[in-house]
Amino acid sequence: MTLRLTNSLTRRSEAFEPLQAGQVSMYCCGVTVYDLCHLGHARSYIAWDVLRRYLLWSGYQVTFVQNYTDIDDKILKRAAEEGSSMEVVSERNIDAFVADMAALNILPADRMPRATQSLDAIRDLIGELQAKGAAYGADGDVYFAVMKHAGYGKLSGRDLSEQQQNADGRVSGSEEARKHHPFDFALWKGSKPGEPSFPSPWGPGRPGWHIECSAMVRQELGDTIDIHLGGADLIFPHHENEIAQSEAATGKPLARWWLHNGMVNVGGEKMSKSLGNFTTIRALLASGVSAMTLRLFVLQAHYRKPLDFSAEALAAAATGWKGLNAALQLAAQLAAEQGASSLPEPASELADSRRRFVAAMDDDLNTAAALAVLFELARPLRALANRSERGDVAAAGAALALQAEARLLLDLAGVLGLRPEGASGQEGGAGDAASDQDITEAIAARQAAKAAKNYAEADRIRANLQDKGIELIDKPGGLTEWLRS
RNA sequence: GGCGGCAUGGCCAAGUGGUAAGGCAGAGGAUUGCAAAUCCUUUACCCCCAGUUCGAAUCUGGGUGCCGCCUCCA
């Protein structure tokens, strides 16, 4: 098998091969911790989580580094607004980030460096760039000179000479006046009164946005890494600048593969903080959308394409997950019942499913096609659940036959980070909700009414419970299950 | 204006040369006192035009529409 990934650098799909056999180094641009993460972040990090899980599943040793940007204008602005400090805002949002990622079953990165804790590496890198003539100082700021770096624009397809004229109209303000070229960007920003600052050879100040990633990648993973990840909106200027800085300093390629995920759209427009059309991860989870529904929703589209977010699409994913989850739960049960030693050899049909799953994932992480394999594997399991529920005596034998299938389904689902979710995932919530005892009693009353063929009364009880958000499910044999909807 | 991407059934979405995965919704059936839930079955010729080819959703050219980036942004 050969994993092929679309490399933004070449705009082509290329067979993936790490620099060191069997070992993959990955860096993912993290969040600026001034606020909570929204669905757009979730989409991005779920996609890369799946890449990571797939590499691990394929036998690679993976080192995954993701940074926190904890020095930034927006963090300072937020701190000023709430009368706290940069540290308070950052800590709070880092905690929230960790919790949100865990809720979505995204594996934590191996290392998560912070800009504020990487200042030595940042200052060293800036010094190195200046010594090589790639950067220049101006009134306490330090800028990167894009014209001095051959190859600037190679990732985003920009042409400096052309852009020069294009940007002329925007060159204004004191910062712009200090730049030699409109695309030059700050490596170090001299501090303004009242702002937190850090000492440096160029005076007190703080690092620019792009330099921190270059410094952290180098410190944590070396001069050249295998895969660099991020949202498509980071291609320019962030990743372009990162490449320029790192490669000007080391003379080596920063990353061999650049992968970018498509945006989450709302009503055809990009979901973003500035447009205000975002939905936070925790708001979604709090509204009753399960974490796995969110994962399924995200993975049903290819990671590079835009993904439209709507209540309808999410509801469709929720229903889809419900079915897949039922199969996974049964699969977990079957897998637990039988010892692994007594496993029959996987049938050729299963080998084919596995092959198709791998082929889909190898094709630039085609998770939508991979999910189709999961749904197909799930179907016989769902049918089995239905049969045994109806007291089909042959179902027991069928369960044995489906054991290998169950294990395969669980295994492949795990690659996508999908795991069975318990029915108790829903919170009881509201205080006026009926107690379990009330419900049980009502169901008993309804059973009595049914036995007496008093269906009007039985239906009345059912409707009454439904008003309280309790759904009844009559099972064969006169049993009635219920769940809060 | 520059760079990049997308257009597949009612909706979401795979498929990049041989007569269209999967999910949701819909329809029919099983089950049910009736429902709900569940299971089974089932529904498309791929934005338009012109080419290449024995053959194209899939390649080429043109058109139309939409989106992203060019300022902070996953």
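First the proteins, then the strands, lettered A, B, ... as listed; each starts at 1.
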Enquirer: Which one is paired to B/G1, where only Watson-Crick or G-U wobble pairs with both distances under 3.5 angstrom count?
Expert: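 Pair assignment: B/G1 / B/C70.
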
Enquirer: Would you mind classifying the nucleic acid contact of A/Val373 as base, sugar-phosphate or nothing, using non-hydrogen atoms under 4.0 angstrom?
Expert: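 It contacts nothing in the nucleic acid.
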
Enquirer: Let's see if you can work this out: which of B/A13, B/A37, B/G33 has an atom nearest to the side-chain heavy atoms of A/Ala458?
Expert: B/G33

Enquirer: My understanding is that a pair needs two contacts under 3.5 Å, Watson-Crick or G-U wobble. By that rule, which nucleotide pairs with B/U53?
Expert: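 Matched B/U53 with nothing under the 3.5 Å cut-off.
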
Enquirer: Side chain of A/Ala368 only, please: which of B/G22, B/A13, B/A36 is the nearest?
Expert: B/A13

Enquirer: Checking side-chain polar atoms at under 3.5 Å, does A/His260 have a donor or acceptor matched by the opposite partner on A/His239?
Expert: yes

Enquirer: Could you pick out which residue, A/Ile235 or A/Ala317, lies toward the 5' side of RNA chain B when each is mapped onto its nearest nucleotide?
Expert: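 Between the two, 5'-proximity favours A/Ala317.
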
Enquirer: Using the C1' atom as the reference point in each nucleotide, state the distance between B/A13 and B/A25 in Å, no decimals.
Expert: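 Pairwise C1' distance, B/A13 against B/A25, rounds to 14 Å.
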
Enquirer: Output the single nucleotide from B/G22, B/A74, B/C70 whose closest atom is nearest the side chain of A/Gln300.
Expert: B/G22

Enquirer: Given B/C72, B/G33, B/G23, identify the nucleotide with an atom nearest to the side chain of A/Arg446.
Expert: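 Nearest listed nucleotide: B/G33.
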
Enquirer: Contact class for A/Ser272 vs. all strands (heavy atom < 4.0 Å): base, sugar-phosphate, or nothing?
Expert: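 Base: the residue A/Ser272, judged by heavy atoms under 4.0 Å, touches a nucleobase.
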
Enquirer: For A/Phe375 and B/G22, do the ring centres fall under 5.5 Å apart while the planes stay under 30° apart?
Expert: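 By the stated criterion, A/Phe375 and B/G22 do not stack.
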
Enquirer: Quick one: label A/Gly262 by what it contacts on the DNA or RNA (base, sugar-phosphate, nothing), any heavy atom closer than 4.0 Å.
Expert: base

Enquirer: Find the partner of B/C39: check Watson-Crick (N1-N3 plus N6-O4 or O6-N4) and G-U wobble (N1-O2, O6-N3) distances, both under 3.5 Å, and reply none if neither fits.
Expert: B/G29

Enquirer: Across the strands shown, which category fits A/His38 at heavy-atom distances under 4.0 angstrom: base, sugar-phosphate, nothing?
Expert: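 The answer is base, as A/His38 lies within the cut-off (heavy atoms under 4.0 Å) of a base atom.
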
Enquirer: Within the distance-only criterion (no hydrogens, no angle test), does the side chain of A/Thr367 pair as donor or acceptor with the backbone N or O of A/Ala370 below 3.5 angstrom?
Expert: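 No, because the side chain of A/Thr367 does not come within donor-acceptor range (under 3.5 Å) of the backbone of A/Ala370.
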
Enquirer: Checking all strands, does A/Lys453 fall into the base, sugar-phosphate, or nothing category for heavy-atom contacts under 4.0 angstrom?
Expert: nothing

Enquirer: Nearest whole Å is fine: how far is B/C69 P from A/Asp159 CG?
Expert: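 In whole Å, B/C69 P and A/Asp159 CG are 21 Å from each other.
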
Enquirer: Quick one: sort the A/Phe183 and A/Phe236 rings into parallel, tilted or perpendicular, breaks at 30° and 60°.
Expert: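 The rings of A/Phe183 and A/Phe236 sit tilted, inter-plane angle from 30° to 60°.
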
Enquirer: What contact category does A/Gly268 fall into here, base, sugar-phosphate, or nothing, at under 4.0 angstrom with non-hydrogen atoms?
Expert: sugar-phosphate

Enquirer: State the CD1-CD1 distance between A/Ile75 and A/Ile71, to the nearest 0.5 angstrom.
Expert: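 Rounded to the nearest 0.5 Å, the CD1-CD1 separation comes to 8.0 Å.
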
Enquirer: Using a 4.0 Å heavy-atom cut-off, does A/Tyr45 contact any base of the nucleic acid, only the sugar-phosphate backbone, or nothing at all?
Expert: sugar-phosphate

Enquirer: May I ask you to say what A/Arg462 touches in the nucleic acid, namely base, sugar-phosphate or nothing, with a heavy-atom cut-off under 4.0 Å?
Expert: base

Enquirer: Counting Watson-Crick and G-U wobble pairs only, both distances under 3.5 Å, name the nucleotide matched with B/U19, or none.
Expert: none

Enquirer: Is B/C6 paired to anything, Watson-Crick or G-U wobble with both distances less than 3.5 Å, and if yes, which nucleotide?
Expert: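 Paired with B/C6, as far as the under-3.5 Å criterion goes, is B/G65.
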
Enquirer: State whether A/Asn366 places a side-chain N or O below 4.0 Å from either non-bridging phosphate oxygen (OP1 or OP2) of B/G15.
Expert: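 True: A/Asn366 side-chain N/O within range (under 4.0 Å) of B/G15 OP1/OP2.
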
Enquirer: Which part of the nucleic acid, if any, lies within contact of A/Asp459, taking any heavy atom under 4.0 Å across all strands shown: a base, the sugar-phosphate backbone alone, or nothing?
Expert: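 Since a base atom lies under 4.0 Å of A/Asp459, the category is base.
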
Enquirer: Between A/His180 and A/Tyr143, is the gap from one ring center to the other below 6.0 Å?
Expert: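 Not under 6.0 Å, so no.
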
Enquirer: Can you tell me how far P in B/U38 sits from the matching atom in B/C24, rounded to whole Å?
Expert: 9 Å

Enquirer: Just checking, is any N or O donor in the side chain of A/Thr480 or A/Gln447 under 3.5 Å from an acceptor N or O on the other one?
Expert: yes

Enquirer: For A/Asp100 and A/Phe97, indicate whether the former's side chain and the latter's backbone hold a donor-acceptor pair under 3.5 Å.
Expert: no

Enquirer: At under 4.0 Å, does any side-chain N or O of A/Lys322 touch on OP1 or OP2 of B/C24?
Expert: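 Looking at the OP1 and OP2 atoms of B/C24, neither is under 4.0 Å from any side-chain N or O of A/Lys322.
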
Enquirer: Base, sugar-phosphate alone, or nothing: which one does A/Leu234 contact when heavy atoms must sit under 4.0 Å apart?
Expert: sugar-phosphate

Enquirer: Of A/Trp48, A/Tyr45, A/Tyr54, which meets ring pair (Phe, Tyr, Trp, His ring centres under 6.0 Å) against A/Tyr303?
Expert: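 Only one option passes, and that is A/Trp48.
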
Enquirer: Do the side-chain N or O atoms of A/Lys305 get closer than 4.0 angstrom to the phosphate oxygens (OP1, OP2) of B/C12?
Expert: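 For B/C12, OP1/OP2 do not have a side-chain N/O of A/Lys305 under 4.0 Å.
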
Enquirer: Answer with base, sugar-phosphate or nothing: what part of the nucleic acid does A/Glu376 contact at a heavy-atom distance below 4.0 Å?
Expert: sugar-phosphate

Enquirer: Taking only N and O in the side chain of A/Arg379, is any of them less than 4.0 Å away from OP1 or OP2 of B/G23?
Expert: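 Yes, A/Arg379 has a side-chain N/O under 4.0 Å of OP1/OP2 on B/G23.
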
Enquirer: Within the structure, does a side-chain N or O atom of A/Arg382 lie under 4.0 Å from either OP1 or OP2 of B/C39?
Expert: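 Answer yes for this pair, as a side-chain N or O of A/Arg382 is under 4.0 Å from OP1 or OP2.
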
Enquirer: Kindly point out which of B/C39, B/C72, B/G15 is positioned nearest to the side chain of A/Ala383?
Expert: B/C39

Enquirer: For B/A74 and A/Lys273 - does any side-chain N or O of the residue sit under 4.0 Å from the phosphate oxygens OP1/OP2?
Expert: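 No, no such contact exists.
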
Enquirer: By nearest heavy atom, map A/Gly40 and A/Leu275 onto RNA chain B; which one lands nearer the 5' end?
Expert: A/Leu275

Enquirer: Given atom CZ of A/Arg43 and atom P of B/G68, what is their separation to the nearest angstrom?
Expert: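 My rounded result for the distance is 14 Å.
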
Enquirer: Which part of the nucleic acid, if any, lies within reach of A/Ala313 when heavy atoms closer than 4.0 Å are counted: base, sugar-phosphate only, or nothing?
Expert: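 Since no nucleic acid heavy atom lies under 4.0 Å of A/Ala313, the category is nothing.
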
Enquirer: Could you check which of B/C72, B/U16, B/A36 has an atom nearest any side-chain atom of A/Pro237?
Expert: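 Of B/C72, B/U16, B/A36, B/C72 is nearest to the side chain of A/Pro237.
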
Enquirer: Taking pairing as Watson-Crick or G-U wobble with both contacts under 3.5 Å, can you name the mate of B/A44, or confirm there isn't one?
Expert: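 WC or wobble partner does not exist here.
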
Enquirer: Tell me which nucleotide among B/C70, B/G33, B/A14 gets nearest to the side chain of A/Tyr455.
Expert: B/G33

Enquirer: Base, sugar-phosphate alone, or nothing: which one does A/Ala369 contact when heavy atoms must sit under 4.0 Å apart?
Expert: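 Contact class for A/Ala369: base.
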
Enquirer: For B/G65 and B/C47, measure between their C1' atoms and round to the nearest Å.
Expert: 8 Å

